[in-house]
Structures are given as C-alpha cells and as structure tokens.
Amino acid sequence: MGDDLEKILVTEEQIRVRNRELAAEIDADYAGRDLLLVGVLKGAVMVMADLARELRHPCAMDWMAVSSYGAGTTSSGVVRILKDLDTDIKDRNVLVVEDVIDSGLTLSWLVGNLRSRGPASVEICTMVRKELALEVDLNVRYIGFDLPNEFIVGYGLDYAEKYRNLPFIGTLAPHVYGS
C-alpha cells in the first residue's frame, strides 16, 4: 500500500491515546447508567472495538447499517436502513459510534430515527470530524480528531472497500482515485 498513500494524518499511537481519553470521558459521563453502544457499519468497526475495550463501564453493543450514497461518492439524500438494531432502545442510553462525520446529513437522519424510538438519551462519538464539512447542526459529544476536509482512509475509513485495515488515518495519493 506504500505507493497508494500520500501522508499520515493521525498515527496508530495517537489513535490509541485518544481512544483511552474518550473512554475515560464516557466512563465518567455514564457512571451508574445503562449504556448501549450503536456502531454504524462498516466504518465504525475498528473504532467501536477499540473504544469498547478501553471502557471500564459495562456496556452492550449493537450495529446499524445505513446508506445514502448509492453507488457514488456523494450523498443521494435518501437514507436507507440496510441493517437495523437487534436491541430495543426504549429508555436506554444510546451512544452512536462513527468513524467519520462528513456532511452530517445521514447521521442527523439516523439520530432522529433513534430518538423516535424512545431512548433515555442519544449521543454521538466519532473518531474524525471533518472541519468545515458539516452541513447540519449536529451536537457531537465525543470527537477524536478534527481533520481537514480531505478524502481520508484507514482505521475503518475506506476507498472502494479498501484501506479500512490500516492502523492509522491518512490520505491517498491522487493516482489511486484519479484526481
């Protein structure tokens, strides 16, 4: 993958340290309260696994898959649930775990959908929030890193379903995606 990568923005060690810090904040905020982590597939797999291992607070986990992209790289504006929760979230404290927040449109829709199910609370944790990309007012409680609005890969983030397995977050060389 060496020639495919342009630069590393966040190292494996920086991610590890930030996951510990986020877990400590979450442990403190949810002390004595029920917690359900809801990972958004596929990108949040790495984040959710590492974050959950750092938590000292007992928690349950579930997964959702939603899509608004269709076959392209920009949002179609129509959100579809591809995989719904297996868990009833009524009266539960839900923490949505994401890999990246770009425009926030899909996540905003997802949070609205979850809130309509009667949880005690719904909060958001993301490893990356892209600066200046947010198109909606979205309260993100836990943020790993604010990064420039570049196309990034690694640590769950993909390009054409590749590069998710990189232990760091970086940018691709232009020859990979044809720009």
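If you read the sequence from its start, that first residue is 1, and numbering goes on from there. Any value given below was found using the heavy atoms of this structure, including those in side chains, with hydrogens, waters and symmetry copies removed.
The hydrophobic clustering, which links ILVMFWY residues whose side-chain heavy atoms are closer than 4.5 Å, places Ile143 and Val96 together. Val100 is not connected to Phe151 by any chain of hydrophobic side-chain contacts under 4.5 Å among Ile, Leu, Val, Met, Phe, Trp and Tyr, and they are in different clusters. In this structure, Val94 is a member of the same hydrophobic cluster as Ile101, with clusters built from ILVMFWY side-chain heavy atoms closer than 4.5 Å. Cluster membership for Leu95 and Leu41, using ILVMFWY side-chain heavy atoms within less than 4.5 angstrom, is shared. Residues Met46 and Ile169 share a single hydrophobic cluster, defined by chaining ILVMFWY side chains whose heavy atoms lie under 4.5 Å apart.
At a threshold of 4.5 Å between non-hydrogen side-chain atoms, the residues Val38 and Val97 do not count as touching. Looking at heavy atoms from C-beta onward, Leu157 lies out of side-chain contact with Leu166 at the 4.5 angstrom threshold. Between Arg129 and Leu147 there is no side-chain heavy-atom pair separated by less than 4.5 Å. Residues Arg80 and Val66 form no side-chain contact, since every pair of their non-hydrogen atoms from C-beta on lies 4.5 Å or further apart. For the pair Leu110 and Val79, the minimum side-chain heavy-atom distance is 4.5 Å or more. Within the 4.5 Å cutoff, side-chain heavy atoms of Ile81 are placed close to those of Asn113.
Partner of Val111 under the side-chain contact (heavy atoms from CB on, under 4.5 Å) criterion, chosen from Val136, Asn139, Ile124, Thr106: Ile124.
Counting all heavy atoms, side chain and backbone alike, Asp62 lies closest to Asp86 at OD2-N, 2.7 Å. Between Gly144 and Leu22, the closest heavy-atom pair is CA-CD1, 4.0 Å. Listed here is the closest heavy atom pair of Leu114 and Ile89: O-CD1, 3.5 Å. Smallest separation of non-hydrogen atoms from Trp63 and Val40: CE3-N, 4.4 Å. Between Ile15 and Phe168, the closest heavy-atom pair is CD1-CA, 3.9 Å. The shortest non-hydrogen separation linking Ala52 to Met61 is CB-SD, 3.9 Å.
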### Message
Please evaluate residues Leu5 and Thr171 with respect to the criterion side-chain contact (heavy atoms from CB on, under 4.5 Å), reporting the C-alpha separation (whole Å), side-chain torsions for both, the decisive distance (0.1 Å), and the verdict.
### Response
CA-CA 6 Å; Leu5 300 173; Thr171 59; over 6 Å; no
### Query
Would Glu25 and Arg18 count as a salt bridge (charged side-chain N to carboxylate O under 4.0 Å, His left out) if you check the C-alpha gap in whole Å, the side-chain angles of each, and the deciding distance to 0.1 Å?
CA-CA 11 Å; Glu25 288 179 50; Arg18 189 65 185 126; 3.7 Å; yes
### Message
Using side-chain contact (heavy atoms from CB on, under 4.5 Å), reason through Val153 and Asp158 one step at a time and then give a plain yes or no.
### Response
CA-CA 5 Å; Val153 296; Asp158 75 299; 5.9 Å; no
### Task
For the pair Asp4 and Tyr163, evaluate side-chain hydrogen bond (donor to acceptor under 3.5 Å, both in side chains) and give the outcome as yes or no after the intermediate values.
CA-CA 10 Å; Asp4 290 355; Tyr163 310 103; 2.6 Å; yes
### Task
Please assess Asp91 against Arg117 for the test salt bridge (charged side-chain N to carboxylate O under 4.0 Å, His left out), listing each intermediate value before the final yes or no.
CA-CA 9 Å; Asp91 299 323; Arg117 302 178 191 199; over 6 Å; no
### Query
What do the steps show when you test Phe145 against Met127 for side-chain contact (heavy atoms from CB on, under 4.5 Å), and what is the final call?
CA-CA 6 Å; Phe145 302 94; Met127 184 51 59; 3.7 Å; yes
### Residue pair Leu107, Glu98: steps toward the side-chain contact (heavy atoms from CB on, under 4.5 Å) verdict
CA-CA 9 Å; Leu107 186 56; Glu98 268 281 26; 4.0 Å; yes
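Salt-bridge check for Arg92 with Asp34: passed, with a basic side-chain N closer than 4.0 Å to an acidic carboxylate O. A salt bridge is absent between Arg20 and Asp27; no separation between the charged side-chain nitrogens and carboxylate oxygens falls under 4.0 Å. Ion pair Arg141/Asp29 flagged as a salt bridge, since at least one NZ, NE, NH1 or NH2 atom sits closer than 4.0 Å to an Asp/Glu carboxylate oxygen. Between Glu123 and Arg33, no side-chain nitrogen of the basic residue sits less than 4.0 Å from a carboxylate oxygen of the acidic one, so the salt-bridge criterion is not met.
Between the Thr126 side chain and the Val128 main chain, a donor and an acceptor come within less than 3.5 Å of each other. Of the possible polar contacts, none joining the Lys130 side chain to the Ser103 backbone as a donor-acceptor pair under 3.5 Å is found. For the pair Gln14 (side chain) and Thr11 (backbone), a donor-acceptor distance under 3.5 Å is present. Put simply, the side chain of Arg115 gets close to the backbone of Val122: a donor and an acceptor are under 3.5 Å apart.
The structure places CG of Asn93 at 12.5 Å from CD1 of Ile26, a figure rounded to the nearest 0.5 Å. A distance of 13.0 Å separates CD of Glu21 from CZ of Arg16, quoted to the nearest 0.5 Å.
Not a single side-chain hydrogen bond (donor to acceptor under 3.5 Å, both in side chains) links Asn149 to another residue, sequence neighbours left out. Applying the side-chain contact (heavy atoms from CB on, under 4.5 Å) criterion to Ala24, with sequence neighbours excluded, gives no partner residue.
Applying the salt bridge (charged side-chain N to carboxylate O under 4.0 Å, His left out) definition to pairs two or more places apart or across chains, those involving residues 147-156 are Lys7-Glu150.
Atom NZ of Lys162 sits in a sparse spot, with 12 or fewer heavy atoms from other residues, nucleotides or ligands closer than 6.0 Å.
Aromatic ring orientation, Tyr142 versus Tyr30: tilted (interplanar angle from 30° to 60°).
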